[in-house]
K.L.:
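I'd like to ask you about the structure that follows.
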Amino acid sequence: MKLAKLVILFMILNFGGLAMGSWLMNNGPTSPWYTSLHQAPWTPPGWAFGVAWTLIMLCFSVYLGFLFLRQNDLKLRITYAIQLLLNVSWNYLFFNQHLVSWAFLNILLLTAVVFHFYFKYKLHSQKLNYLLVPYMGWLCIASSLNLYILIYN
């Protein structure tokens, strides 16, 4: 029962973070600024972002539920808060303020934090750690998209 409560809590926090980031985008991917950029040839279609982030946050919420059930200390809470802040702020930096280089730094830090979760916090079942793989993979793709825009615009 405690695990279910933690997973629900993290679903609320993670999807709330996505909602906040979306709110901070200022029309984001449909804005004239973004649509006029030279984008990477491997940029996924718009609908893929919603599907990806839904899967990522579902998996991440389950992962965090198990992790916080096992280890709930101040360092872990701070690491999670940093991840949440970086995730939300990327949208603001990139889409709202058009600070592509700062957004790239932001997403690199976010990627480092998520990889830190994977390598630092080993769960009792290695299979549970694989719940982070969608997040890690997507951040690598997103970082490459951000870098392409930084270089070619």
Side-chain angles (χ1 to χ4, degrees), residues 2-26 28-29 34 37 39-40 42-44 46 48-151 153:
K2 189 171 182 178
L3 175 62
K5 288 180 182 179
L6 283 170
V7 170
I8 290 169
L9 170 67
F10 285 115
M11 287 177 86
I12 292 167
L13 291 171
N14 291 333
F15 283 101
L18 288 181
M20 177 69 73
S22 179
W23 180 72
L24 291 171
M25 278 201 288
N26 194 25
Y34 182 73
L37 293 174
Q39 297 177 29
W42 60 91
T43 302
F49 289 85
V51 171
W53 279 112
T54 300
L55 173 66
I56 288 163
M57 287 306 152
L58 286 172
C59 290
F60 192 45
S61 296
V62 172
Y63 169 84
L64 290 169
F66 277 103
L67 181 59
F68 273 77
L69 191 62
R70 181 177 163 259
Q71 177 178 342
N72 188 353
D73 60 22
L74 184 59
K75 281 185 180 181
L76 179 57
R77 290 178 186 194
I78 290 171
T79 304
Y80 173 71
I82 290 169
Q83 176 278 147
L84 190 60
L85 177 66
L86 288 169
N87 195 336
V88 170
S89 61
W90 182 87
N91 293 299
Y92 179 74
L93 292 169
F94 186 86
F95 285 114
N96 191 304
Q97 296 299 302
H98 310 158
L99 299 171
V100 178
S101 53
W102 283 104
F104 182 63
L105 177 61
N106 178 288
I107 202 165
L108 289 180
L109 292 171
L110 176 58
T111 304
V113 170
V114 174
F115 273 78
H116 174 77
F117 272 111
Y118 184 83
F119 291 108
K120 165 94 173 151
Y121 300 107
K122 297 290 184 188
L123 294 175
H124 62 278
S125 169
Q126 180 61 30
K127 291 179 183 175
L128 291 172
N129 289 322
Y130 292 133
L131 290 168
L132 286 177
V133 170
Y135 201 176
M136 293 162 49
W138 188 258
L139 287 174
C140 290
I141 293 167
S143 296
S144 74
L145 297 173
N146 193 152
L147 180 60
Y148 187 95
I149 288 172
L150 179 62
I151 291 171
N153 290 278

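Values in this document were obtained by computation on a predicted structure and should not be read as measured data.
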K.L.:
Y80 and V113: side-chain contact (heavy atoms from CB on, under 4.5 Å), yes or no, with the steps?
P.N.:
CA-CA 9 Å; Y80 173 71; V113 170; over 6 Å; no
K.L.:
First locate atom CG of N72, then atom CG of L6, and finally report the distance between them rounded to the nearest 0.5 Å.
P.N.:
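Going from CG on N72 over to CG on L6, the span is 7.5 Å.
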K.L.:
Show me the pairs that pass side-chain hydrogen bond (donor to acceptor under 3.5 Å, both in side chains) and involve residues 15-25, at least two apart or across chains.
P.N.:
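Every candidate side-chain hydrogen bond (donor to acceptor under 3.5 Å, both in side chains) pair involving residues 15-25 fails, so no pair, neighbours aside, qualifies.
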K.L.:
Decide side-chain contact (heavy atoms from CB on, under 4.5 Å) for C140 and F115; before the verdict, give the C-alpha distance in whole Å, the side-chain angles of both, and the deciding distance to 0.1 Å.
P.N.:
CA-CA 11 Å; C140 290; F115 273 78; 4.2 Å; yes
K.L.:
Going from OG on S143 to CG on L110, what distance comes out if it is rounded to the nearest 0.5 angstrom?
P.N.:
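With rounding to 0.5 Å, OG (S143) is 8.0 Å from CG (L110).
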K.L.:
Which residues pass the side-chain contact (heavy atoms from CB on, under 4.5 Å) test with L74, not counting sequence neighbours?
P.N.:
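side-chain contact (heavy atoms from CB on, under 4.5 Å) list for L74, sorted by chain: I78.
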K.L.:
Which residues satisfy the side-chain contact (heavy atoms from CB on, under 4.5 Å) test with L150, sequence neighbours excluded?
P.N.:
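By the side-chain contact (heavy atoms from CB on, under 4.5 Å) rule, L150 matches V100, S101, F104, L147.
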K.L.:
Can you list everything that forms a side-chain contact (heavy atoms from CB on, under 4.5 Å) with N91? Sequence neighbours excluded, please.
P.N.:
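By the side-chain contact (heavy atoms from CB on, under 4.5 Å) rule, N91 matches M25, F95.
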K.L.:
Indicate the atoms forming the closest heavy-atom contact of F94 with A103, along with that distance.
P.N.:
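It is CB-CB, 3.7 Å.
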K.L.:
What distance separates L105 CG from L86 CG, expressed to the nearest 0.5 Å?
P.N.:
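That separation rounds to 9.0 Å.
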K.L.:
Please round to the nearest 0.5 Å and tell me the distance separating atom OG of S144 and atom CD1 of I107.
P.N.:
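Here the interatomic distance stands at 9.0 Å.
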K.L.:
Just verifying a value: how many Å separate L85 CG and M20 CE, rounded to the nearest 0.5 Å?
P.N.:
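Going from the CG atom of L85 to the CE atom of M20 covers 11.0 Å.
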K.L.:
So how far is it from L13 CG to I8 CD1, rounded to the nearest 0.5 Å?
P.N.:
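Between atom CG of L13 and atom CD1 of I8 there are 12.0 Å.
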K.L.:
Report, one line per pair, each donor and acceptor closer than 3.5 Å where one atom sits in a side chain of residues 59-68; sequence neighbours left out.
P.N.:
unit_1 : atom_1 : unit_2 : atom_2 : d
S61    : OG     : F10    : O      : 3.4
S61    : OG     : M11    : N      : 3.4
S61    : OG     : N14    : ND2    : 3.0
S61    : OG     : M57    : O      : 2.7
Y63    : OH     : F117   : O      : 3.1
Y63    : OH     : Y121   : O      : 3.3

K.L.:
Evaluate side-chain contact (heavy atoms from CB on, under 4.5 Å) for L76 paired with D73, printing each intermediate quantity in order.
P.N.:
CA-CA 5 Å; L76 179 57; D73 60 22; 3.2 Å; yes
K.L.:
Do the side chain of Q39 and the main chain of L145 share a donor and acceptor less than 3.5 angstrom apart?
P.N.:
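Side chain of Q39 to backbone of L145: no pair is present.
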K.L.:
Using distance only, find each side-chain donor-acceptor pair of residues 129-139 under 3.5 Å and give its atom names and separation, not counting sequence neighbours.
P.N.:
unit_1 : atom_1 : unit_2 : atom_2 : d
N129   : OD1    : L123   : N      : 3.4
N129   : ND2    : Q126   : OE1    : 3.2
Y135   : OH     : Q83    : OE1    : 2.5
Y135   : OH     : N87    : ND2    : 2.9

